[in-house]
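Here's the structure, in structure tokens; my notes come after.
Every number for a ligand or one of its atoms is a count from 1 in the order of the listing.
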Amino acid sequence: MPIDPTEPYDDANIFAKILRGEIPSSKVYEDEWAFAFEDINPQAEVHTLVIPKGSYVSWDDFSTRASAEEIAGFVRAVGHVAREKGLVEQGYRVMANIGAHGGQEVPHLHIHIFGGQPLGPMIA
Ligand code: AMP
């Protein structure tokens, strides 16, 4: 069920629990600004999620409320993870689902990194 990205941040969402270490995840990378882990239901050979450490529901929320440092740190972390995964040479896809039309299901901003294979058309 897609979320309403205009709702206030819900501390009980599953990615908040992963950040707090309350439920396990397959951690790929962590720094001051971001946490990356493997998607539990991978849609490509490589399917890794990167989330900001701050409490942001969506891209809209993040891009309006986050500090310049948080935004820079998060964007750099996405690039770092893609490099660490060895995706740069062959290319990869970065995607964020936002709100109902975007099909966002978890109300904590997350970037999907897909790669490791040709990814086909942009929108299936
Ligand atoms: P979205 O539709 O963009 O909100 O995608 C949510 C993503 O989170 C989906 O690709 C799920 O497979 C993934 N997901 C949900 N729960 C977990 C979890 N506990 N660990 C890792 N990935 C998860």
Side-chain angles (χ1 to χ4, degrees):
M1 177 75 175
I3 63 115
D4 176 353
T6 63
E7 285 289 306
Y9 186 81
D10 173 11
D11 247 347
N13 79 75
I14 195 151
F15 291 173
K17 290 179 181 171
I18 285 176
L19 273 178
R20 291 194 296 266
E22 292 168 8
I23 61 168
S25 67
S26 229
K27 177 172 148 180
V28 169
Y29 175 72
E30 180 174 14
D31 65 20
E32 187 178 352
W33 309 110
F35 188 86
F37 53 104
E38 304 296 8
D39 195 290
I40 206 166
N41 182 24
Q43 303 297 308
E45 203 62 45
V46 174
H47 185 175
T48 304
L49 301 173
V50 189
I51 64 178
K53 284 207 167 161
S55 301
Y56 299 102
V57 177
S58 67
W59 194 265
D60 185 62
D61 189 21
F62 186 63
S63 61
T64 50
R65 287 199 304 113
S67 69
E69 259 190 319
E70 284 176 291
I71 292 170
F74 181 61
V75 171
R76 286 191 196 284
V78 173
H80 179 86
V81 170
R83 280 192 296 281
E84 289 286 298
K85 286 275 175 185
L87 301 178
V88 173
E89 196 169 299
Q90 297 294 322
Y92 58 99
R93 183 169 293 158
V94 164
M95 189 187 80
N97 293 319
I98 310 299
H101 281 188
Q104 182 179 3
E105 299 205 330
V106 179
H108 182 114
L109 174 64
H110 47 285
I111 295 286
H112 297 256
I113 300 177
F114 300 106
Q117 63 179 84
L119 294 165
M122 186 164 62
I123 295 180

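- Near H112, with a cut-off below 4.0 Å to any heavy atom, the atoms of ligand 1 are 1 (P), 3 (O), 5 (O), 7 (C), 10 (O).
- For atom 6 (C) of ligand 1, the nearest non-hydrogen atom of the protein is H110 NE2, 3.5 Å.
- Side-chain contact check for I111 versus W59: some heavy-atom pair is nearer than 4.5 Å.
- Remark: minimum distance from atom 4 (O) of ligand 1 to any protein heavy atom is reached at E105 N, 2.6 Å.
- Results of the salt bridge (charged side-chain N to carboxylate O under 4.0 Å, His left out) test with K53 over E30, E70, E32 single out E30 as the only residue that passes.
- Residues H110 and H112 bring their aromatic ring centres within 6.0 Å.
- Numbered from 1 in the order shown, with element, the atoms of ligand 1 that lie under 4.0 Å from a heavy atom of I14 read 19 (N).
- The distance criterion of under 3.5 Å between nitrogen or oxygen atoms is met by G103 with respect to ligand 1.
- The aromatic rings of F114 and H47 sit tilted, their planes meeting at an angle between 30° and 60°.
- Atoms of ligand 1 lying under 4.0 Å from at least one heavy atom of V106, given by number and element, are 4 (O), 6 (C).
- Shown here is E22, whose CD atom has more than 12 heavy atoms of other residues, nucleotides or ligands within 6.0 Å.
- Within the model, atoms CG of D39 and CD1 of I113 stand 11.5 Å from one another, a figure rounded to the nearest 0.5 Å.
- Contact between E38 and ligand 1 is present, with at least one heavy atom of the residue lying under 4.0 Å from the ligand.
- Regarding atom 13 (C) of ligand 1, its nearest protein heavy-atom neighbour is D39 OD2, 3.3 Å.
- Under a 4.0 Å criterion applied to the non-hydrogen atoms of N41, ligand 1 contributes the atoms 12 (O).
- Heavy-atom contacts of N97 reach the following atoms of ligand 1: 1 (P), 2 (O), 3 (O) (cutoff under 4.0 Å).
- With values rounded to the nearest 0.5 angstrom, S55 atom OG is found 7.5 Å from R65 atom CZ.
- How far NE2 of H108 is from CG of N13: 7.0 Å, rounded to the nearest 0.5 Å.
- With rounding to the nearest 0.5 Å, the separation of CZ in R93 from CD in Q43 is 12.5 Å.
- Remark: minimum distance from atom 8 (O) of ligand 1 to any protein heavy atom is reached at F15 CZ, 3.4 Å.
- When only interatomic distances are considered, the shortest N/O to N/O separation between F37 and ligand 1 does not fall below 3.5 Å.
- Aromatic ring centroids of F15 and F35 lie 6.0 Å or more apart.
- Considering both main-chain and side-chain atoms, H47 never comes within under 3.5 Å of ligand 1 through any nitrogen or oxygen pair.
- Among the atoms of Q104, none of the N or O lies under 3.5 angstrom from an N or O of ligand 1.
- At the top of the distance list for atom 14 (N) of ligand 1, counting protein heavy atoms only, stands I40 CG2, 3.8 Å.
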